[in-house]
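Proteins get letters first, then strands, A, B, ... in listed order; numbering begins at 1 in each. Below, each value reflects all heavy atoms present in this structure, side chains not excepted, and no hydrogens, waters or symmetry copies. The structure displayed is predicted, hence computed values, not measured ones.
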2 protein chains.
Amino acid sequence: MTIREDQVKALANETRIEVLRLLDDPSAHFSMQESADPVAVGVCVLLLAEHFSVSQPTMSRHIELLKRAGFIIAKRQQKWTYCSRNEAALTDYAAWLKSSLNIKSI
Amino acid sequence: MTIREDQVKALANETRIEVLRLLDDPSAHFSMQESADPVAVGVCVLLLAEHFSVSQPTMSRHIELLKRAGFIIAKRQQKWTYCSRNEAALTDYAAWLKSSLNIKSI
DNA sequence: TTGACATATAGCGTATTTGCTATTTAACTA
DNA sequence: TAGTTAAATAGCAAATACGCTATATGTCAA
């Protein structure tokens with residue numbers, strides 16, 4: 001599995017796309033998180049699981065795949081794992097897709 | 001299945017990405033096609049299958065998925081089905097991905 | 001040290017994807 | 001009409017993906 005395959009597969013799932021979307025503006029849905037500032041630090045896995053009404057292990061797996069693709073950064077702090085977007089990786093992927101497929105202009 | 005899901009799934013496969021890449025410059029690999037000009041008309045399914053060393057039915061299905069995503073246009077002429085890129089759909093998808101994920105700039 | 005909470009991992013069942021071969025359909029040609 | 005070629009479809013097997021529950025691990029507080 002190349003990184004590009006990982007990235008392409010990571011986006012082949014509505015939940016994971018929506019996670020990336022939510023993490024673009026964590027304050028909109030996760031301002032109730034008290035252990036850490038969702039904007040500055042990230043959103044913990046359990047809050048994401050609850051938001052999507054999936055089990056904690058299921059969300060953990062989604063996060064793992066997004067992490068492997070490089071799209072999110074997960075930092076462990078105390079007992080929480082805080083997730084935030086890796087803007088550089090997202091920009092890079094979009095640029096790769098554009099040039100790789102030779103998409104005219106966006 | 002929404003069109004976006006179809007598109008996202010269509011790109012979740014290396015062969016299909018490569019098909020789109022090849023169809024951007026058909027003359028580079030398919031100039032031997034005699035029944036129709038590969039640039040003007042498109043590339044037939046069997047030539048694509050041979051290029052990837054997959055069976056004709058397998059390539060036929062890849063084409064079907066790319067067609068459903070709107071990424072390629074397949075026009076039947078005599079006994080051949082000629083495939084060409086749908087630039088508008090590719091551009092539209094890239095734009096959607098960019099704005100949907102709020103990717104900064106490409 | 002025990003208990004709790006958040007996360008990660010293991011293991012399982014189901015659904016989907018992807019390849020194949022065999023067959024059918026469509027278009028042509030001798 | 002019979003045979004040939006290109007593509008599509010049906011049906012099957014293997015691999016992957018994705019959800020769950022149960023359990024292990026890590027962190028902390030009483």
Checklist entry - Think B/Asn13 has a side-chain N or O under 4.0 angstrom from the OP1 or OP2 of C/dT18? => result yes
Checklist entry - What's the spacing between A/Ser55 OG and A/Leu46 CG if we round to 0.5 Å? => result 10.0 Å
Checklist entry - Closer than 4.0 Å, any side-chain N/O of A/Thr81 to the OP1 or OP2 of C/dA8? => result yes
Next on the checklist: Output the rounded distance in Å from NZ (B/Lys79) to C1' (D/dA8).
Outcome noted: 16 Å
Checklist outcome for this item: Against the side chain of B/Gln78, the closest entry in C/dC28, D/dA17, C/dG19 is C/dC28
Item to check | Nucleotide D/dT16, atom P - distance to CD of B/Glu14 in whole Å | outcome: 14 Å
Next on the checklist: Taking B/Glu18 first and then B/Arg21, would you say they form a salt bridge - that is, a charged N and a carboxylate O separated by under 4.0 Å?
Outcome noted: yes
Item to check | Value in whole Å for how far the C1' atom of C/dA6 lies from NZ of A/Lys75 | outcome: 18 Å
Checklist entry - Would you find a donor on one side and an acceptor on the other, under 3.5 Å apart, between the side chain of B/Glu14 and the backbone of A/Arg4? => result no
Checklist entry - Does B/Ser60 place a side-chain N or O at less than 4.0 Å from the phosphate oxygens OP1/OP2 of D/dA7? => result no
Next on the checklist: I want to verify a distance call: between D/dA7, C/dT17, C/dA6, whose nearest atom is closest to the B/Val45 side chain?
Outcome noted: D/dA7
Checklist entry - How close do A/Gln7 and A/Ala69 get, heavy atom to heavy atom, and via which atoms? => result NE2-O, 3.0 Å
Checklist entry - Between atom CH2 of A/Trp96 and atom CD1 of A/Ile3, what is the distance when rounded to the nearest 0.5 Å? => result 10.5 Å
Next on the checklist: Looking at A/Arg61 and D/dG19, is any side-chain donor or acceptor paired with a base atom of the opposite kind under 3.5 Å?
Outcome noted: no
Checklist entry - Base, sugar-phosphate, or nothing for B/Ser55, non-hydrogen atoms under 4.0 angstrom? => result base
Item to check | Interatomic distance, B/Phe30 CZ vs D/dA6 C1' [rounded to whole Å] | outcome: 16 Å
Item to check | Closest listed nucleotide, where the reference is the side chain of B/His62 and the choices are D/dA7, C/dT17, C/dG19 | outcome: C/dG19
Item to check | Spacing between B/Glu5 atom CD and D/dA17 atom C1', to the nearest angstrom | outcome: 15 Å
Checklist entry - Start at the 5' end of DNA chain D and walk down; is the nucleotide closest to A/Arg16 or to B/Ala74 reached first? => result B/Ala74
Checklist entry - Can you tell me how far C1' of D/dT5 sits from CD of B/Glu34, to the nearest Å? => result 15 Å
Checklist outcome for this item: With the side chain defined as heavy atoms from C-beta on, B/Pro57 is closest, among C/dA22, D/dA7, C/dA6, to C/dA22
Item to check | Closest nucleotide among D/dC18, C/dT18, D/dA7 to the B/Leu65 side chain | outcome: C/dT18
Item to check | Separation of atom CZ in B/Phe52 from atom P in C/dG19, rounded to whole Å | outcome: 11 Å
Next on the checklist: I need the CZ-C1' distance between B/Arg68 and C/dT18, as an integer number of Å.
Outcome noted: 14 Å
Next on the checklist: Looking at C/dC20, I'd like to know if its phosphate oxygens (OP1 or OP2) sit under 4.0 Å from a side-chain N or O belonging to B/Thr58.
Outcome noted: yes
Checklist entry - Pick the nucleotide of DNA chain C nearest each of B/Gln56 and A/Lys9; which residue has the one closer to the 5' end? => result A/Lys9
Checklist entry - In terms of side-chain heavy atoms of B/Arg76, which of D/dT9, C/dA26, C/dT17 is nearest? => result C/dA26
Checklist entry - Between the base of D/dA8 and the side chain of B/Glu64, is there a donor-acceptor distance below 3.5 Å? => result no
Checklist entry - OG1/B/Thr15 to CZ/B/Arg61 distance, rounded to the nearest 0.5 angstrom? => result 12.5 Å
Checklist entry - Taking the side chain of B/Trp80 as its heavy atoms from C-beta onward, which of D/dA7, C/dT7, C/dG19 lies nearest to it? => result D/dA7
